[in-house]
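Here's the structure, in structure tokens; my notes come after.
By convention in this document, chain letters (A, B, ...) are assigned in the order of the sequence lines, proteins followed by strands, and residues within each chain are numbered from 1.
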Amino acid sequence: MPCLLTKARVFRVLPHRIALNHCSFQSITDSYANYLEIYARDQAFHSGRILHAYLIVNGLVRSTYLSSKLIVFYAQCGRTSDARHVFDGIPKTNFRRWIVMIGAYSRCGLYEETLAIFHEMQREGLKLNIFVVPSILKACGNLSDRKTGEKIHSAILRNCLDFDAFVDSALVDMYSKCGRVEKARLVFDRMPDIDLVAWNSMVSGYAQQGLAREAWDLVNKMRLMGIKPNLVTWNALIAGFSSVGDDVMVWDLFRMMRVDGFEPDMVSWTSVISGFVQNFRNIEAFYAFKRMTSCGVLPSSVTISSLLPACSAVADLRRGKEIHGYALIIGVGKDVFVSSALVDMYAKCGFIFEAAKLFEKMQERNTVTWNSMIFGYGNHGYCVEAIDLFYQMVEFKAVKLDHLTFTAVFTACSHAGLVEVGHNLFQLMQEEYGIKPRLEHYACMVDLLGRAGKLGEAYDLIKAMLIEPDSFVWGALLGACRNHGNIELAEIAAKHLFQLEPNSAGSCLLLSNLYADAGSWGNATKLKKMMKRKRLKRNPGCSWMESV
DNA sequence: TTAGGGTTAG
């Protein structure tokens, strides 16, 4: 704890000693609160810790006001155990500490921690109030935790906390983010006073669900009612139309917002770039990025991490390197999102050792960073490295393993033919990590068993599935049957594939080739004739080369 | 105490 620092040392290192004798208690408290706010904003952990020590030494930490600032500071620096320590130091009778703690965690994006504290508050039998509910709902929305969100909605109704502008706006936002936009609209329509935040929550709700037209209709309605959209409203619309790929409307919105007195900012441009990338329009994304910088708008780490997948998609290493350099110049090169996107970019462009070098050098890594590197190794045939990295991730414990981590390691096991390892990890995923197998996990496992010639086991796994198998799962089985010449199972797999994808030529061709290999020419011809009758054609593969 | 933009698979 910081209190280990001596008073003398604290005074020597504190850059902002205040002449205590000449100030009132209030102004001293305000000054330190200001410093803590600055340190929180800049995430200056070291300086804040020293100030904390100073506050302890001088007995100022007993002030609930300063303790609240300390909690916000530690939460902002991601130091939850330190925030917790300060929280525990505030008298239990002070209800405000819950509001501060939940609010700080929620605002800093520590949503799981927010809900954990909320559950603790409930266990202590404390009632909700209008100040704490919006932060909890924000956490539910961002975690897509609809069940908890609905429970809180019931509690709001039971405790008559509705008809508060903050609570209602937060409810609209929570339902929208959980994909229940119609429920959000119900809450919205029942609001007695709809303020700008509530309008924007509803507009964003439609936009985030891809309902750009509905968002646009709502903005027109709000304008008819005499409420002027602000930059947040315009950006929500831009994000909505960008995500559905309607670039004509996006550029129209740019023009309209300028008429309204708003200049597109970094968020507006980032939404456009992100929309282009998501709609596989990489050239337009680069063009938008160029226009953004020529308009004098400085890109952020979000802009860069949205743009980098455009380089990965077409394996454009030259552009990727340029953006890497640019990110370093503007000071976002070490951001964990940017670095993760860079690891992925280098791996997808074939520079796996460059990706590994970057990965090793990173000071902070999250789940996506690890997953990208494991995928990278697996896709380049470095299966041992991929599996080794997976075990390092397990040992590291600081980051959570998710469903993609397992997809990545199963793919590696499959390529290396490590049936036993893959099988054990499939069990581990469910039993140790509580991750329910998804379709892609089953597809990997069927592929793994199939490659090893264990076709019966692969089929048994499909039969035991708790979810309906898709074309990837049956496709993996059919592919394995083709390699091992098992006509009986191939016919079963193909039957399901024909039902799932009646217009796909791939499975017909596979089965027909299998018949041909086995000398069953009659069946092969029958299939080819059926393809001709249905006018099924194979989609030719294509690849993209970029000269470096 | 509430509203806008982000990276990984097939």
Side-chain angles (χ1 to χ4, degrees), chain A residues 96 99-100 102-104 106-107 128-138 141 161 164-174 176-177 195-205 207-208 215 229-240 242-243 264-275 277-278 299-309 312 332 335-345 347-348 365-376 378-379 402-411 438-444 447 470-473 475-476:
Chain A
R96 233 189 92 79
I99 302 172
V100 171
I102 288 174
S106 182
R107 239 178 306 134
L128 291 173
N129 69 14
I130 54 164
F131 299 106
V132 81
V133 157
S135 305
I136 304 168
L137 286 173
K138 184 180 177 174
L161 300 176
D164 172 83
F166 281 74
V167 171
D168 289 343
S169 291
L171 272 173
V172 170
D173 184 54
M174 181 275 292
S176 302
K177 288 211 170 86
D195 65 3
L196 187 56
V197 175
W199 280 103
N200 285 349
S201 299
M202 197 62 240
V203 172
S204 300
Q208 282 162 8
N230 67 359
L231 194 55
V232 175
T233 328
W234 288 108
N235 283 346
L237 284 175
I238 289 169
S242 296
S243 70
D265 69 348
M266 181 271 295
V267 175
S268 331
W269 284 104
T270 303
S271 300
V272 175
I273 291 168
S274 165
V277 176
Q278 279 158 20
S300 69
S301 57
V302 182
T303 323
I304 303 293
S305 44
S306 308
L307 183 62
L308 277 168
S312 317
V332 299
D335 174 274
V336 67
F337 276 81
V338 172
S339 313
S340 305
L342 281 168
V343 165
D344 181 62
M345 185 274 293
K348 289 224 177 88
R365 298 175 193 139
N366 62 19
T367 305
V368 177
T369 330
W370 287 88
N371 290 358
S372 302
M373 198 63 236
I374 298 172
F375 271 122
N379 291 338
D402 68 1
H403 67 105
L404 284 177
T405 317
F406 284 95
T407 309
V409 76
F410 292 159
T411 313
R438 298 184 179 205
L439 286 166
E440 58 266 32
H441 297 136
Y442 282 115
C444 285
D447 188 65
D470 68 349
S471 59
F472 286 103
V473 176

Mind checking if [X] touches a base, just sugar-phosphate, or nothing, with heavy atoms under 4.0 Å?
| X | answer |
| --- | --- |
| A:Asp168 | nothing |
| A:Thr405 | nothing |
| A:Phe337 | base |
| A:Asp335 | base |
| A:Met266 | base |
| A:Leu237 | nothing |
| A:Ile130 | base |
| A:Asn230 | base |
| A:Ser301 | base |

Checklist line | Counterpart residues, salt bridge (charged side-chain N to carboxylate O under 4.0 Å, His left out), relative to A:Lys177 (two or more places apart) | finding: A:Asp173
Next item on the list: Could you tell me from which nucleotide to which nucleotide of DNA chain B, 5' to 3', there is an atom under 4.0 Å from chain A heavy atoms?
Entry: B:dT1 to B:dG10
Notebook entry, point to check: Do you see a donor-acceptor pair shorter than 3.5 Å between the side chains of A:Ser306 and A:Ser274?
Noted result: no
Note to self: With no hydrogens and no angle check, just 3.5 Å: does a side-chain donor-acceptor pair link A:Asn200 and A:Thr233?
What the structure shows: yes
Checklist line | Minimum heavy-atom distance between A:Gly141 and A:Met174, given as atom pair plus value | finding: N-CG, 4.0 Å
Check: For the residue pair A:Phe410 and A:His441, is the inter-centroid distance of their aromatic rings smaller than 6.0 Å?
Finding: yes
Item checked: Residue list, side chain to side chain contact (heavy atoms under 4.5 Å, CB included) with A:Asp164, at least two apart or on another chain -> A:Ile130, A:Phe166, A:Val167
